[in-house]
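Below is one structure, written out as structure tokens, with a few remarks after it.
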Amino acid sequence: MAARAELETLNPAQREAVLHTGGALLILAGAGSGKTRVITVKIAYLIGELGVDPRSILAVTFTNKAAAEMRARAAAMEPAAADVMIRTFHSFGAWLLRRNAAAAGLDRGYAIYDDDDVISLLRTIYPDEPRGGLARYARQISRAKDYTLRPGDDLSLISPGPELAEIYRAYQRRLDEIGNVDFGDLILKPVELLRADEAIRRRTRQRYRYVLVDEYQDSNVAQYELLKQLCDEETYLCVVGDDDQSIYRFRGAEVRNILTFSESFPGTMVIKLEQNYRSTGPILDVASAVVQHNLGRLGKTLWTERTGGSEPSLALLRDQDEEVDYCLDLISREPRETAILYRTNAQSRLFESALIRAGIPYRIVGSLRFYEREEIKDALAVLKLCANPRDEVSFRRIVNKPARGIGAKSLETVTDALSDHGGDVLEATAAAAAGLSRKAGAAARAFGATIRRARESLGGGKLSDFTEALVRELGLWELHAEGQDPIVAQSKVENLEEFVNAASLYPATEEGLAEFLELVELDRSREADESLDAEVTLITMHNTKGLEFDRVIVTGLEEGLFPRGGDEDPDEIEEERRLFYVAVTRARDELFLTSCGYRRLHGRVMDFVPSRFLGEIPAELLRHATAGGRGRQAPGGEEYPVGGAVYHDDYGMGVVTSCRHSGSELVVQVRFETGRVAKFLPRYTPLEKVSGDDW
DNA sequence: GTCAGAAGGTTTTTT
DNA sequence: ACCTTCTGAC
């Protein structure tokens, strides 16, 4: 269907958003309100009806999946949309840097370091620092870049002391010497490039007259700065997002970007998309009731024409085992597309083993990622080293894998020689080989020669053949094929084959290699088992964004687990509340909530009180389910007098410090003789009242 | 270099 | 509880 016909099927707000021209536009699109549709129709309309050159449109998303979907849907309406620049923020940044490599101080063959590579690089600078410390530095540096901060800037926002500046400076110097970039650089470097180079800035602005941004609530400060650099007074900027779905603060996303968009871009028009096409009314009521408790929001109320629908249900359960039973019971009683949502990945385990036991096929999203597997990272390191012989991180990963006698001592000799060879590890290896032991020297020479020969052979043929031959020649294929566990080995070989296969679309040239590496580094979202169409999906709440299911079970609604942490940071609680909103609005037809009285966490059993979010839902919106599974114990309803003595099997004697109702639950707080204070639900946790005589 | 056992540390993770 | 990382002995 062409854009014009498509327009007729939109609701008035959607149509207004598509037709809007002039100044900046902020589309506040509630969950399930058809925002992707609006963007894609807008792209098709610009091209097909307004005659806009598709090459002058830039559409930015956060995930490759979203970009691919946008491209496909726009092209279905308007074939010329194939020429629109539709990319993720990072991929656009990488493209801009590759295109202006010299001006950005980079080699065209630069590779992108992922988080693990960043830690490895930090380790070369701080060899004695434990991994946890390095990971913290890596996080802080990454966060600093999210805020466009450089080592010389005030970093107190990220970390109080002076040490971060020094670490960041040393890290960046080393990274620049190597000539690679990290994820943060893919945004920050383009910002700096556009700021510093007027000609490139002018050229880029002249090319993109229309800039569209999806999921704007997830943008960070650096991405905002990039938009600022891309847009002049004449650029048409349209951002789409939902402040209530901003859930990546911990990664540097700034809700303020969307909250203050109108001030940042004067003359902004705001259009709200509030009609939801996904969920039933009662489900939206639950979502709205909770998210309304947030102070920092623009405010929007979802509504739907979908009347009826079953009442969302809350089950207060004794523990995880009952929770698992409850979910399986729902699934087997009435099979249909169901997603089991949880806050932390650790919670998936019990569900997984129960589903296996019950013989119910399931799909787990986001567990072990393809590109994080050892064998794949090895193969990637091989290619990265071919692309950039200054890549010390990749060199270190594979130079002695499989073991060929190049130990720590030999490595040190090689890296000591680096500065004499412009950082080229292959040259340094050749030069240092003479100073090594006979065995290490020969091995190092052979390793270096293999990589060098491979680099020289670039220029034709298929990248898949190139990759396989090299990985085999280096002994990595054999290493992984002959692990102790034949099942593991089998899967490793299959992964390597899949990796090689992915490279077959690229030529074995320098450009082909760089392109393939970029694709792989920037698109690691694919799951190993995405083809499996099971009815049951296990997934973290974060991972559900953009997805929808007939039936959703939100599990683990317990204070301390969800929301996580205490009351210290109100912003954090608001973020968790948005996560609840995201989770609930994934459901089309049925919503179930569960909360456990106690659960095993970090090896010990801990008591939990129902999540505050449950208390924020008016009682009439929820049906209270009785527990399935095994029977409950301890009759509820009995009051515990404050000051009265109680006995708990694990904690011993204590005094009641408070006793109140939370929803329909009686919550008792006890201070034990040990000094420990804990809350209990007497309905699930045996808490024996002790008369004064027994003390 | 490899292995076993100890110690440590545990949110979420589009790129 | 569980998984990764560090350590010391062979």
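Because only heavy atoms are used, hydrogens play no part in the values below, and waters and symmetry mates are left out as well, while side chains stay in. Throughout, a chain's letter reflects where its sequence line sits, starting with A, and its residues are numbered from 1.
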Residue Asp115(A), side-chain atoms from C-beta onward, closest of dT10(B), dT13(B), dT15(B): dT15(B)

Proximal nucleotide (of dT2(B), dT12(B), dT13(B)) relative to the Asn543(A) side chain: dT13(B)

Ring geometry between Tyr506(A) and Phe516(A) (parallel below 30°, tilted from 30 to 60°, perpendicular above 60°): tilted

Between dT5(C) and dT12(B) - C1' atom distance, rounded Å: 23 Å

Ring-base stacking, Phe250(A) with dT12(B) (5.5 Å, 30° cut-offs): yes

Atom pair distance, as rounded to whole Å: CZ in Arg599(A) and C1' in dC2(C): 16 Å

Separation of atom CG in Asp569(A) from atom P in dT11(B), rounded to whole Å: 17 Å

Centroid separation Phe562(A) to Phe613(A) less than 6.0 Å: yes

Minimum-distance nucleotide (side-chain atoms of Arg349(A) versus dT15(B), dC2(C), dT11(B)): dC2(C)

Donor + acceptor pair across side chains of Glu225(A), Thr148(A) (<3.5 Å): no

Interatomic distance where CZ belongs to Phe89(A) and P belongs to dT13(B) [whole Å]: 21 Å

Thr540(A) side chain, from C-beta outward: closest of dT15(B), dT12(B), dT10(B): dT12(B)

cation_pi(Arg98(A), Tyr110(A)) dist<6.0 Å, angle<=45: yes

Might you list the N or O atoms of the protein lying below 3.5 Å from N or O atoms in nucleotides 4-10 of chain C, with each pair's distance?
| unit_1 | atom_1 | unit_2 | atom_2 | d |
| --- | --- | --- | --- | --- |
| dT5(C) | OP1 | Arg131(A) | NE | 2.8 |

Residue whose closest nucleotide on DNA chain B lies nearer the 5' end, Glu521(A) versus Gly407(A): Gly407(A)

Atom pair distance, as rounded to whole Å: CD in Glu374(A) and C1' in dC3(C): 15 Å

Closest to the Arg343(A) side chain, choosing from dT11(B), dT2(B), dT15(B): dT11(B)

Among dT15(B), dT12(B), dC2(C), the nucleotide that comes nearest once only the side chain of His542(A) is considered: dT12(B)

Aromatic plane relationship, His542(A) with Tyr248(A) - under 30° parallel, 30 to 60° tilted, over 60° perpendicular: tilted

Pair Arg578(A) + Asp242(A), salt bridge at N-O below 4.0 Å: no

For atom CG of Asp523(A) and atom P of dT15(B), their distance in whole Å: 6 Å

Leu186(A) vs Lys439(A), nearer the 5' end of DNA chain B by closest nucleotide: Lys439(A)

Carboxylate-amine/guanidinium proximity below 4.0 Å for Glu254(A) and Arg256(A): yes

Proximity to the side chain of Ala403(A) - top-ranked nucleotide from dT2(B), dT13(B), dT15(B): dT2(B)

Asn345(A), nearest nucleotide to its side chain (from dT13(B), dG1(B), dC3(C)): dT13(B)

Base of dT12(B) paired with side chain of Arg564(A) (donor-acceptor, under 3.5 Å): no

Rounded distance (Å) that lies between atom P of dT13(B) and atom CD1 of Ile364(A): 11 Å

Touch class at under 4.0 angstrom, heavy-atom based, for Asn400(A) against every strand present: sugar-phosphate

Proximity of Tyr598(A) and Phe608(A) rings by center, below 6.0 Å: no

Euclidean distance, atom CG of residue Leu479(A) to atom P of dG1(B) [Å, nearest integer]: 14 Å

Nucleotide dT10(B), atom C1' - distance to CD of Gln347(A) in whole Å: 14 Å

